[in-house]
Amino acid sequence: MKTDFKEEWKHLNPYQMEAVLDESPACVVNANVGSGKTTVLIAKILYLHYEKSVPLEEMVVLTFTNKAADEIISRLREREADLSREQVRGFGTFHSVALHLLKNQLPVEQMGWNREFTVISPDEEADLAAEVITAQKLKVKYKNRLKKRLEQEYQGYLRGKESSRYKDDLFLLYPLLEAEKKQQNKMSFSDLLRVCTELLLVGRTGNPVSEKEMSYTREGRTKELPGEYGENPALPWHPQWIIVDEVQDSDALQIEFLEALKGKDTRLFAVGDPNQVIYSWRGTGENMFYLLKHRFQAKELSLPVNYRSSASILEAANRFQQSGTGIQSSRETGGKIMVKNHYDPFQEAEYLAERIHALHDGGRAYGEIAVFYRLQKQSEILEKVFERQQIPYEVSVRKTIRDIPVLDWLIKVLRFSVNPADEQVGIDVLADPQYGEKCTRAKAKKTIQEQKRDSVLLYRRMMEFQGQEEWKKKEKVPGAAEIFAFFGLKEALHPTASSYYEDEKLVLKLLEKICRYCGEKDCGLIDGSREFVNRSALYGVNLLSGDGEVEESDFIGNHDGTVFSAAIGNGDGAAGDGIAREVAKIGNGIFPRDTVKLMTLHASKGLEFEIVFLIGMNQGLIPLHSQSMEQEEEERRLFFVGITRAKDELELSYYTNPGEPRVSGEYSRYLRMLPPHLLEWEELRSEGEKRSNLQQLRREVQEQIREKREREEEKKTAVKRARHPKYGEGILVSEDEMTVEVEFAGYGRKQFLKAFGEVTIEA
DNA sequence: AAGATCTATCTTTTT
DNA sequence: GATAGATCTT
């Protein structure tokens, strides 16, 4: 085995080598863009494991996304085919590792939860908070922004600030909410990290970081904890190594988790790039990289050499590098960066289609080309035009199980089944207008609180689930059809509804996935499904596909739930229900399909392409209007991330007539910040802008986009139920001034004139 | 209940 | 820098 690495290490440069071999107590690596960060990370793990005989189980490898964790594990598996799940139990996102520790090692009971706890999403936490507010008659302002407030002010609460920003009862809500979560035996994302951190700190002595330095620990909070772990001598557990990827993205809670996890003999190795902080608006601190270095008195190494981009692209990027000593190029030359203007987004899309065709004819694969933009909605025009021009493309769209109503509901059924203490999710299931028991939330609550098992089959089955002795055994995992029948799902999915076939297929697929998961984990259905639903909460999830399988008309995504929904340039991409679109899997940054990739600048982070078009380089778009200096700096980093994705060719373009309210017809000042000798300007603005075919294109595309938006709006509006004397209860499909359209189970869709007043719509 | 005032959102999205 | 929505003031 060892010789393999010697061979591989020949390709490492001295900086990379130094990082791999470093064994300082704490080390942070300042890794420039494209400097082989992941290579170093993997080499380091392999080095420690094979050369230094550190068992993989003694390493905790933390990433920020599931995708990154999956990439590391799969690269490891290339070396060691029979790598077991157990061996890499410490590899994953901060949250998934915390979950694993809470489930398997830490005495979670001491904090008021039970080992069978489930994980809830921020949405569910906000819903629960709203209920607590009502029940306790709290005065909380801005309830429509509760989710955001809950998250934003949590740090302040933990740090012992006296009251919330708006002088209301929010800080009274937190402890009540926590009590309710304990009562219902469930944890939010931040609970996972916080509770895990606190338990790791229990009874700890001789730590490099004293508890007083823990910035979130409130006076008194730690004292409430029991002082020791009781009879378990293995605790507290500390790994030999902690390895952190993309450390610039960590937040305060994550740093504290690191501090708690790090024992006095634990070594810490963290890699990151302060120039690629583009998510600080969602809570990442600005200087986490240096904060970490300071906290752990870490040695700082750097990876200065970029192996990705041409010399001219790097010279441009260096003007936007905000920290560090500049990126060193590994390539001698590079063509100029093209700068072009277009009349408007339509003309630009037409131009791009033409250019891409030419590139393809010249031997470039579609998959080597990407188009980046600042805003999600900028993809619409490109999509329509590329469809017409027969350009195969994929757009990055985040899709998860939660976006598919029937699966969202099914997961909730399972969540309640494995944790009947979760009253809230039970109510969600029974009161679901589409798949539930056609009852109000109040009635569902009564059913659950009074445990009226006999009234509703579904409720009874959910309550009986955990009692199925057979299903506790690992050798008795049932098939999907058996579980389907057990819950009486056929009835719930309305066998006569037009959506039944699709729903049933999706449900069975997910159930099969769960059964397979139990097999892999070698556990019974009860434990397996509890773990599965928890993972699905953290995984954003698309767990519908097995690895690598790509089926037509299927719904497949990679592990972090990102799906590149594709249209293959053959007309209606958004067919039917909008779910079963043809979709391709991306994993590990490798795109199996030969398609042009369309994505936002944010989504481009971590990827690379031979040819990159960065469009909409207008003042007010790149950079987007920002109200603070910090935000403006982040816009610059975003641009930096975008241009450094390109290996060979970079083309920037702007509109002279953007046609959007906040976007100026001026080109971005960022273009003036680039060294002029690197740019080649081409004036494309022509009279062609008035070509009639282009005007027709504009009209048609705008109409299509308008329709698409309407359809989406329709879908978003909550499902309303309607009642008709003859057809009974149905689901409201659409409504205007004159008519209503209702879908009835068994009768299909019917339209009615409002004036007749036969149909009553529920509020 | 109207009118004044405050706040966040125009954007990006992970767990 | 305009606007929608919630909250506060009267």
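Order of the sequence lines fixes the chain letters, A, B, ..., with proteins taken first and strands second; residue numbering starts at 1 for each chain.
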Do you know the tightest heavy-atom contact between A:Glu246 and A:Phe64?
O-CE1, 2.9 Å

State whether the side chain of A:Asn419 and the backbone N or O of A:Asn185 hold a donor-acceptor pair below 3.5 Å, judged by distance alone.
yes

Integer-rounded Å distance: B:dT9 C1' and A:Gln631 CD
11 Å

Using every non-hydrogen atom in the two residues, find where A:Tyr154 and A:Ser190 come nearest and quote the distance to one decimal.
CE2-OG, 4.0 Å

Look at the side-chain N and O atoms of A:Thr93 and state whether any lies under 4.0 Å from the OP1 or OP2 oxygen of B:dT14.
no

Expected rows: protein N/O vs nucleotides 1-3 of chain B N/O, under 3.5 Å:
none

A:Asp245 CG - B:dT14 C1' separation (whole Å):
14 Å

Looking only at atom P, what distance separates B:dT11 and C:dT3, rounded to whole Å?
15 Å

Separation of B:dT14 C1' from A:His95 NE2 (nearest whole Å):
8 Å

For B:dT9 versus B:dT13, give the span between their C1' atoms, rounded off to a whole number of Å.
16 Å

5' priority, DNA chain B, between A:Gln152 and A:Gln376 [closest heavy atom]
A:Gln152

Any ion pair linking A:Lys186 and A:Asp191 (charged N to carboxylate O, less than 4.0 Å)?
no

Base, sugar-phosphate alone, or nothing: which one does A:Phe189 contact when heavy atoms must sit under 4.0 Å apart?
base

Between the side chain of A:Arg636 and the main-chain N/O of A:Glu632, is any donor-acceptor distance below 3.5 Å?
no

Atom CD of A:Gln248 to atom P of B:dT14: distance rounded to whole Å?
15 Å

Please list each protein N or O that sits under 3.5 Å from an N or O in nucleotides 1-4 of chain C, with the distance.
none

If you apply the rule side chain to side chain donor-acceptor pair (under 3.5 Å), what do you find for A:Thr38 with A:Glu71, and how did you get there?
CA-CA 9 Å; A:Thr38 311; A:Glu71 179 174 354; 4.8 Å; no

Can you tell whether the side chains of A:Glu634 and A:Arg637 come within less than 4.0 Å, N to carboxylate O?
yes

Can you tell me if CD on A:Glu666 sees more than 12 non-hydrogen neighbours from other groups inside 6.0 Å?
no

Take A:Tyr670 and A:Glu635, measure what side chain to side chain donor-acceptor pair (under 3.5 Å) needs, and give me the verdict at the end.
CA-CA 10 Å; A:Tyr670 290 176; A:Glu635 290 292 313; 5.5 Å; no

Distance check needed: B:dT14 C1' versus A:Tyr539 OH, whole Å only.
13 Å

What heavy-atom pair brings A:Ala316 and A:Ile643 nearest, and what distance separates the two atoms?
C-CD1, 4.3 Å

For nucleotides 5-10 of chain C, 5' to 3', base contacts (B), sugar-phosphate-only contacts (S) and non-contacts (-) with protein non-hydrogen atoms under 4.0 Å give SSSS--

Charged N to carboxylate O below 4.0 Å: is that the case for A:Arg415 and A:Asp422?
yes

Is any side-chain N or O of A:Lys148 closer than 4.0 Å to OP1 or OP2 of B:dT7?
no

Quick one: look up who B:dT11 pairs with, Watson-Crick or G-U, both distances under 3.5 Å, and put none if it's unpaired.
none

Hey, does A:Leu624 reach any base, or is it just sugar-phosphate, or nothing, if we go heavy atoms under 4.0 Å?
base

Verify the contact: side-chain N or O of A:Asn66 to OP1 or OP2 of B:dT15, cut-off strictly under 4.0 Å; return yes or no.
yes

Nucleotide B:dT11, atom C1' - distance to CZ of A:Arg637 in whole Å
16 Å

Can you name the one residue among A:Gln321, A:Arg308, A:Gln276 that meets side-chain hydrogen bond (donor to acceptor under 3.5 Å, both in side chains) with A:Asn32?
A:Gln321

When rounded to whole Å, the CG to P distance for the pair A:Leu601 and B:dT13 reads 10 Å

